[in-house]
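Residue numbers start from 1 in every chain, and the chains themselves are labelled A, B, ... in the order their sequence lines are given, proteins ahead of strands.
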Amino acid sequence: MQEIKFFVLDGTYKIVYGKPEIILFAKTSDNKQIIVKDRNFEPYFYVIPRENAELQEKLERLRVEEENENYFVTRTEKIKKNFIGKEISCIKVYTNIPAAVANLREIIKLWDNVESVNEADIPFIRRYLIDKNIIPLMWYSGKGDFSNEESRVPVFELKTAEKTDEEELQGLKVLAFDIETYSPFDMQIDMEKNPIIMLAFYANDFKKVFVWKKFQTNLAAVEFVENEQELIEKFKQTILEYKPDILAGYFSDGFDLPYIKTRADKHKIKLDIGWDSSEIRSKSGRENTMSINGITHLDIFKFIKKTMGPTMDTDSFDLSSVANEMLGEEKHDVSLNELTHAWDNDNEKLETFAAYNLHDSYLTYNLSMKMMQTIIQIVRISCIPMYDVNRMGFSQLVEGYIMNQAPNFNEIAANKPSNDNLAKRRLNSFEGAFVFEPKPGLYKDIVVFDFRSLYPSILTSHNVGPDTLNCDCCVKQNTPDNENWFCTKKKGFIPFLVENLIKTRSKIKEQVKKDTLAGNPVNTALDAQSTTLKLLANSFYGYLGFYAARWYSVESAKSITAWGRVYIQKVIERALKEGFIVLYSDTDSVFLALGNKQREEAKKFAADINKELPGVMELEFENFYPSGIFVSAKMGSYGAKKKYALISEQGNLKIRGFETVRRNWSLIAKEVQEKVLDIILREHDKDKALNYVKSTVKDIRSKKVPNELVVIKTQLQKELLDYAARGPHVAVAQRMMNMGRKIGPGTMIKYIVTQGSDIIRNRAKLPEEVKAGEYDATYYIDNQVIPSVERIFNVLGYNKEDLLETKEQTKLGGFF
DNA sequence: TCCATCCGGGG
DNA sequence: GTGTACGGATGGA
């Protein structure tokens, strides 16, 4: 018997001689990749019988024989468990293989004297990690023996594993990558047709750009190869030699890896870089996902958007905006349109693009490292491997955490809802948060406060959860809406978990505070742990109201918002009484304008409120904004929910709800909107903004605007014949097909609306059919540019006609 | 007001 | 793989 120290990155299983074998992809303390196998774990699930029914014998006889596989029960145990607030007796049923669980549960749940079948839908590897308490990315000391099995990495057969005290993970190797592809101007991305022309890698100790055309360069990272085929071989080889634990990309689930895979298939290259020599493959699911056995494929775009997105200032998640906000850096400013031209005609220009390519992978690497501690902490708390954490939503993370904790409380997990139930739950809407509608306008000196821990603190202090709801022992309405009650005698399972999260977090915060006072460097792991605990605690409310949740409870969610409305309204009342101008409030945040007051007074206001709030509840100072604009979503006089733009003291624009200008809008409309917000908030010059719009309108009229700015893009979602409504993009697609072009679902249709008096779809033409200046100026002014800024100008006291007037506006002064 | 349709990120 | 999936806005009816 030998002893090794290791941590697990991910895992899977396979059947060997009719028995399941757990396979863990792990790393040892001397920084070696290792496969850890465990042959001693049995699949099982629970059966809850109806009133005293005797089921064990019948269960033990159960056996299904199919052509290639037999599914049967190996043994059963009677066991006491807790289930939604009650102690019950149930049967633990063991089966021969994992697949038998899914197979047999379908039969058993139809039996008359079966109340329900539980925990029969948990992936085997997750079951193993939870039951053996093997948390990914934590150190374990394992006993067992190395096997002489043939494999790319050594195989260790595990007998026992024990957690060690160490927390720090040294030597987690992250390698970022990025590709550039050949893409003629104005053509859709076509993985089948267009080759990859550059490939960059970046790690702290490794920088490389592979290119298959030669040019003069001083860039040390550049390495020339002969052709695309060799470039893909280099992709494989680099990964096999560098041996990263994490391969990071930006939108690489949706672009880089599917692209590389498509091209590799074309060249008949096998991308067999998994530790077990398996190939890169896409996992089933709606959205593209790419995975490699042993190597964690991190799509940092997905993680940032899902997990950090809601609290970030930026409204757009392209690499440049995200890098700007998180790292204070941007992409290189080069025009990608010229890349293909340079590739075909002007190789000496390629150096700029190679540098651009490398820089993108550098940004991807740094974003990954910036997020790494947070990701590690989420993995550890939810006991879910990084690959899945990367791709999961919040509710799944919460559920992961609850599932992980359930055995410690002897709780049986509730089942996921059936399809019928799901449909019913989706209809269950309830009164949400309180929203104070903003009055459209331009404001200065805005302070934003929010109640970050509003919902979790309500949840714990009022003992809210499915197992305390309308209990038998209390029977007295105690929610603000007087519809339900929550037990006041016994702490519920969910509130207990949330309270633990909050308590653990405040301990960590204390520690961080102590360290800071002592002048010690900030411990980033502790910091990330605190963020994660907060994130998780804040997600419970949403989870309870999420239709697909196991521990779903609308009554709980509904009562939490009811209490929430009570608290936020108290804050608003008080702010008004003290003479602040309340601009806007939604759920747990309040936007106040200082008016004649000082910033200090606002801080004191929050401090006073905090003195009166119970327990962990806290009104936090979010930020100060010198100016901001709230815009009406409708033409009426009501303010819009979530449609505003603010500028911080550092000069960062925080734009919310203006994302309507997306790819099915022309570039000219996007440009004008951005520029107008920028001029108004940064320069405080509404005349300049107005004149800018007017001069753009003039340019459009006099046909000075290049065609590329008036192209409208829409993607075909289905086969052409399946369209009932013939919009302009459908009409253009039809003509493309008649011209013999291959189109289908996913094809990007680009068109320009040209002059004429016919209906729009007959005037929509392919960009290459349109000569400069043939676009319909009126259409672009009335349907694109004006609508994108009209509401902004309404706020400033102008109407559509003012924007179209030809004469220049003179300075009026008096801005706010 | 409701139902169907599209976007996002990447080149 | 004991699975499995968004959320929001728009615009036409």
Side-chain angles (χ1 to χ4, degrees), chain A residues 12-15 20 43-46 71 93 95 97-106 117-128 178-191 194-198 249-259 283-289 299-302 304-306 309-310 315-322 335-337 339-340 343 353 356-357 360 364 388 391-396 399 416 422 546-548 633 641-643 657-665 713-718 722-725 727 729-730 748 787:
Chain A
T12 179
Y13 81 95
K14 67 179 177 194
I15 305 294
Y44 71 88
F45 58 97
Y46 297 105
Y71 308 110
V93 181
T95 66
I97 53 167
V101 172
N103 188 294
L104 301 180
R105 83 170 167 224
E106 296 303 316
V117 178
N118 290 61
E119 304 201 8
D121 56 359
I122 299 165
F124 192 52
I125 181 68
R126 272 210 30 73
R127 175 89 280 167
Y128 175 83
D178 179 55
I179 59 170
E180 303 304 323
T181 66
Y182 186 86
S183 68
F185 172 67
D186 226 24
M187 298 294 279
Q188 54 175 307
I189 290 174
D190 189 336
M191 302 188 182
N194 299 321
I196 298 167
I197 56 187
M198 293 182 192
Y250 200 85
F251 198 56
S252 42
D253 258 346
F255 181 74
D256 301 73
L257 284 184
Y259 212 119
K283 283 203 172 176
S284 56
R286 202 173 62 84
E287 193 82 18
N288 287 335
T289 57
D299 184 344
I300 197 64
F301 153 75
K302 226 173 228 178
I304 291 175
K305 186 165 180 203
K306 281 193 147 155
D315 206 34
S316 150
F317 290 87
D318 57 277
L319 179 56
S320 211
S321 312
V322 169
S335 163
L336 265 185
N337 281 333
L339 170 57
T340 297
W343 186 260
F353 291 100
Y356 165 87
N357 189 196
D360 274 10
T364 303
D388 301 292
R391 288 156 184 81
M392 283 190 316
F394 273 112
S395 49
Q396 285 152 302
E399 197 157 274
K416 289 185 189 165
L422 209 67
F546 174 53
Y547 55 82
K641 216 170 149 176
K642 280 199 186 112
K643 193 155 184 165
F658 280 92
E659 75 290 333
T660 55
V661 177
R662 300 202 279 189
R663 83 160 164 221
N664 52 341
W665 283 64
K713 307 184 219 180
T714 308
Q715 196 174 37
L716 284 186
Q717 296 297 324
K718 46 190 179 185
D722 297 336
Y723 274 96
H729 68 290
V730 178
M748 183 64 67

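Residue-to-nucleotide contacts include no donor-acceptor pair under 3.5 Å from the side chain of A:Thr181 to the base of B:dG11.
Contact annotation: A:Tyr128 side-chain N/O to C:dT2 OP1/OP2 distance is not under 4.0 Å.
Nearest to the side-chain atoms of A:Trp665 among the listed nucleotides B:dG10, B:dG8, C:dG11 stands C:dG11. Of the candidate nucleotides B:dG9, C:dT2, B:dG11, B:dG9 has the atom nearest to the side chain of A:Phe301.
Contacts of A:Tyr71 classified as ring pair (Phe, Tyr, Trp, His ring centres under 6.0 Å), with partners at least two apart in sequence or in another chain: none. Residues satisfying the ring pair (Phe, Tyr, Trp, His ring centres under 6.0 Å) test with A:Phe45, not counting sequence neighbours, are none.
We find that A:Arg126 and A:Asp388 are not joined by a salt bridge, their nearest charged nitrogen and carboxylate oxygen being 4.0 Å or further apart.
To the nearest 0.5 Å, the span separating OG1 on A:Thr181 from CZ on A:Phe255 amounts to 4.5 Å.
On the C1' atoms, C:dG7 is 26 Å away from B:dG11, given to the nearest whole Å. Taking atom P on both B:dG10 and C:dC6, the two are 22 Å apart, rounded to the nearest angstrom.
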I'd like a table of atom pairs between the protein and nucleotides 2-5 of chain B - only N or O on both sides, under 3.5 Å - with the distance next to each one.
unit_1	atom_1	unit_2	atom_2	d
B:dT5	OP1	A:Lys718	NZ	2.9

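Counting only heavy atoms from C-beta outward, the side chains of A:Lys302 and A:Thr289 approach each other to under 4.5 Å.
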